**Student:** 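I have a structure here, written as structure tokens, and I will follow up with some questions on it.
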Amino acid sequence: MMRKLIKISLALLPLLLLLALAPVVSAKTTAKANHEEIDIGISYNGSTVSVSGVTEKDVDLLIKVYSRDSSEQMKVKTQVGGFLWMNGQSVEFKDVPNVYLLRGTATVDELLDRSEQEAYDIGYAALAANGSLEPEVDPDQKTQLFEEFFRYKEEGSLYARSTGGIDLETDGQQQKYDTVFDWPYQAPPDDYMITVYAVRDGRVIETADAKLVVEEVGVERALTDLAMERGGLYGIAAILVAVSAGFGVGVIFKTGGGAH
Amino acid sequence: MLYIYLPVAHTSINILLPIGLGLLVGVMSGLFGVGGGFLMTPLLMMAGIPPTVAAATDSNQIVGASSSGSYAHWRLGNIDFRMGAYLLAGSFVGGLLGVQLIKFLREMGNADFVIKITYILMLGIVGTYMFIESLAAIRKGKKGEAEAEVKPEEKKESRMTRIVQSLPLQTDFDKSGVRQSAIVPIILGAFIGVLAAVMGVGGGFLMVPVMVYLLKMPMRVVVGTSLFLILFTCIEVTFLQAYTNHTVDFILAVLLLAGSTIGAQTGTMVGKKLKGDQLKILLAIIVLAVTVKIIIDVTSTPEILLSAAGGE
């Protein structure tokens with residue numbers, strides 16, 4: 001019985017592999033990132049992500065690099081006593097990605113109907129429409145708060161929109177594309193997605209996906225784990241290093257002073 | 001090449017920035033006996049470090065700078081260990097209370113506001129007082145009355161002195177040349193401990209005027225003793241921040257230390273060449289400049305009306 005199960009599994013394996021690769025190989029549009037993994041090491045200061053592939057000839061493109069939807073707790077700054085700005089009411093932005101980089105051969109509004117934007121979560125208007133706020137507010141306030149949210153995210157380099165910067169080259173019936181995103185160092189370790197949309201006449205005609213994993217490695221990983229999981233030990237180590245550095249430099253200066 | 005990724009702050013920074021900041025604040029530390037947190041924490045925030053990480057990491061850095069400075073002052077015989085021990089006992093309890101307070105404030109979401117207001121009030125009062133007092137002393141000195149005290153001050157402090165003298169546990173502090181009730185430094189220490197934890201500073205800029213004006217210690221001994229105290233207060237705060245809030249960024253602290261330990265030694269050497277009143281007025285000017293900067297920050301309309309909610 002067991003042997004039979006293994007045999008079936010082995011027979012199904014190629015089929016499963018084919019299914020896993022399906023978005024890339026079966027559609028005409030393909031997407032590939034230059035590297036599927038970005039390692040955050042000690043000298044990490046952001047990276048670049050190059051996305052390339054082929055599409056049908058004469059289509060426009062929208063390329064999205066994003067993290068999965070999550071929620072984010074924010075404070076709305078309010079003025080107190082007519083002159084002091086302080087953090088006021090708490091607002092939770094729900095069903096929005098932490099990182100969202102969008103690039104197109106033209107602007108989203110030029111390329112896509114509003115319903116398509118929302119269906120595929122493409123562009124800030126779509127993110128605002130598909131996202132929600134807790135506590136709920138009236139539509140005007142929601143628009144206003146989401147605008148602030150996008151500005152906040154752009155300020156932190158976690159959101160970006162750009163037009164152009166995609167190299168296109170016609171090759172027979174196909175079109176090759178290639179673009180390079182600046183990957184912000186502010187983007188935390190996470191699993192990210194890349195989706196390429198082939199667009200024509202205001203509609204998405206095809207999509208292709210690729211993955212991007214960002215993770216801490218080496219010393220960075222060890223320190224983060226230690227700080228989060230063994231705070232006491234981490235604290236003692238930090239203190240010992242600081243005290244030794246202080247006295248160490250003191251002794252060096254004393255020696256140096258004695259030489260005069 | 002010069003960039004380094006900070007694992008707890010989750011951001012990348014040019015190595016030269018924290019080393020330079022450390023050097024600057026370290027010099028002040030050796031010169032005035034302050035940890036320099038009141039300057040460092042806002043500067044780190046400007047460099048993109050989250051406020052809570054900036055405050056906690058700065059405590060860690062102060063441990064290094066004040067070890068370096070304490071050692072230098074100890075060799076010069078500038079530390080009153082007895083006075084230090086009483087102040088320390090008070091500030092230890094104050095530190096424990098302060099860390100709990102900041103945790104509570106963070107849950108309320110008002111931590112940043114409270115930190116800012118505390119800064120403004122404390123820096124403003126201390127800076128103004130020190131500035132006026134040391135300016136008056138310098139003017140007197142120029143008139144050839146270096147020994148003369150400022151008259152209004154004497155009147156103001158005599159009532160305080162009477163209350164203090166009536167307290168029990170009167171103790172001789174030989175190094176500082178004063179006789180005080182042990183209760184006074186303990187209470188003052190506790191007050192400074194709370195503020196140190198809330199503001200993420202060593203409390204030096206509060207400790208220095210407290211010792212000069214309330215405990216009547218000579219400036220030379222004040223600087224050494226203050227650094228010695230800051231060392232212990234910040235060891236405690238660093239541990240509690242690392243253990244409770246996980247906000248100490250070790251790599252950032254090491255970079256700051258690279259500058260501040262050397263700066264502290266340099267500051268001590270420069271300090272030997274300056275007079276007490278010159279030191280006081282310099283410190284007062286720096287304190288007032290920081291106060292003005294914070295007031296501008298809090299009162300000008302923010303560019304973005306949202307901020308990340310505090311807490312983990």
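Chain naming here is simple, since letters A, B, ... match the order of the sequence lines and numbering starts at 1 in each. Not measured: the values here are computed from a predicted model.
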**Student:** Is the backbone N or O of A:Ala238 less than 3.5 Å from a side-chain atom of B:Asn60, with the two atoms forming a donor-acceptor pair by type?
**Tutor:**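 Yes; at least one donor-acceptor contact below 3.5 Å.
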
**Student:** If I compare all heavy atoms of A:Asn98 with all of A:Leu158, which pair ends up nearest, and what's the gap?
**Tutor:**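 In this case the closest contact between A:Asn98 and A:Leu158 is O-CB, 3.6 Å.
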
**Student:** Please look at B:Leu6 and chain A and tell me whether the side chain, the backbone, both or neither of the residue comes under 4.5 angstrom of a heavy atom of that chain.
**Tutor:**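 Backbone only.
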
**Student:** Answer yes if the side chains of B:His10 and A:Tyr185 hold a donor-acceptor pair under 3.5 Å, and no otherwise.
**Tutor:**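 Their side chains do not contain a donor-acceptor pair, so the 3.5 Å distance test is not met.
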
**Student:** May I ask you to name which of B:Thr261, B:Leu305, B:Val63 has the most heavy-atom pairs under 4.5 Å with chain A?
**Tutor:**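 Greatest number of close heavy-atom pairs with chain A: B:Leu305.
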
**Student:** Under a 3.5 Å cutoff, is there a donor and acceptor pairing between the side chains of A:Glu116 and A:Tyr197?
**Tutor:**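 No, because no side-chain N or O of A:Glu116 sits under 3.5 Å from a partner of the opposite role on A:Tyr197.
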
**Student:** Give the member of A:Arg221, A:Glu216, A:Gln186 that has the highest number of heavy-atom pairs under 4.5 Å with chain B.
**Tutor:**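 Answer, by heavy-atom pair count under 4.5 Å with chain B: A:Glu216.
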
**Student:** Taking all non-hydrogen atoms of both residues into account, name the closest pair between B:Gly84 and B:Leu229 and its distance.
**Tutor:**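 Taking every non-hydrogen atom into account, O-CD2, 2.9 Å.
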
**Student:** Would you mind checking which part of A:Phe150 comes under 4.5 Å of any heavy atom in chain B, side chain (CB onward), backbone (N, CA, C, O), both or neither?
**Tutor:**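 The answer is neither part of A:Phe150.
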
**Student:** Is B:Leu257 close to chain A through its backbone or its side chain, or both, or neither, when contacts mean heavy atoms under 4.5 Å?
**Tutor:**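 Contact with chain A: side chain only.
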
**Student:** Could you look at A:Pro184 and say if it's the side chain, the backbone, both or neither that has a heavy atom under 4.5 Å from chain B?
**Tutor:**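 Nothing of A:Pro184, per the 4.5 Å heavy-atom cut-off to chain B.
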
**Student:** Tell me, for B:Thr301 versus chain A, whether the close heavy atoms (under 4.5 Å) come from the side chain, the backbone, both or neither.
**Tutor:**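 Its backbone and side chain both get close to chain A.
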
**Student:** Using non-hydrogen atoms only, which part of A:Ile236 is less than 4.5 Å away from chain B: side chain, backbone, both, or neither?
**Tutor:**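 Both the backbone and the side chain of A:Ile236 come within 4.5 Å of chain B.
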
**Student:** Using the test side-chain contact (heavy atoms from CB on, under 4.5 Å), find all partners of A:Leu226 that sit at least two apart in sequence or belong to another chain.
**Tutor:**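 Partners of A:Leu226 under the side-chain contact (heavy atoms from CB on, under 4.5 Å) test: A:Arg230, A:Leu233, A:Tyr234.
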
